[in-house]
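One structure below.
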Amino acid sequence: MISDGLWRREFGADPHIIGKTLRLDNDAYQVVGVMPRSFRDQGSTSKEQNVELWLGAGFAVYRLILRSAVYV
């Protein structure tokens with residue numbers, strides 16, 4: 001996800017940016033959206049509020065096996 005400002009400044013407001021790949025530190029990331037121009041990150045410092053790129057949090061899938069369950 002990229003900010004509106006980054007989209008306009010670095011990609012010329014390319015309407016076909018969705019799905020394109022960005023390389024950051026030799027890792028590939030796919031653009032999944034552009035935040036609205038009015039969006040402001042809720043960070044607690046001015047540096048945190050000037051974020052222009054959001055990466056998805058990685059996660060692992062674990063199998064949960066329920067041997068018994070009690071419902072109340």
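- Taking hydrophobic clusters as Ile, Leu, Val, Met, Phe, Trp and Tyr residues chained together by side-chain heavy-atom distances below 4.5 Å, Leu6 shares a cluster with Leu22.
- Residues Leu55 and Met1 form no side-chain contact, since every pair of their non-hydrogen atoms from C-beta on lies 4.5 Å or further apart.
- In terms of heavy-atom proximity, Asp14 sits nearest to Trp7 at O-NE1, 2.8 Å.
- In terms of the side chain to side chain donor-acceptor pair (under 3.5 Å) criterion, residue partners of Arg37 (sequence neighbours excluded) are, by chain and number, Asp4.
- Hydrophobic clustering keeps Phe39 apart from Ile2 (ILVMFWY residues linked when any side-chain heavy atoms are closer than 4.5 Å, directly or through intermediates).
- Hydrophobic clustering (side-chain heavy atoms under 4.5 Å, transitive across Ile, Leu, Val, Met, Phe, Trp, Tyr) keeps Leu24 apart from Val51.
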Pair up each side-chain donor or acceptor in residues 25-35 with any protein partner under 3.5 Å, not counting sequence neighbours, and list the distances.
| unit_1 | atom_1 | unit_2 | atom_2 | d |
| --- | --- | --- | --- | --- |
| Gln30 | NE2 | Gly19 | O | 3.2 |

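- Within the model, atoms CD1 of Ile17 and CD of Glu10 stand 10.5 Å from one another, a figure rounded to the nearest 0.5 Å.
- Glu52 meets the side chain to side chain donor-acceptor pair (under 3.5 Å) test with Ser3, Arg9; sequence neighbours excluded.
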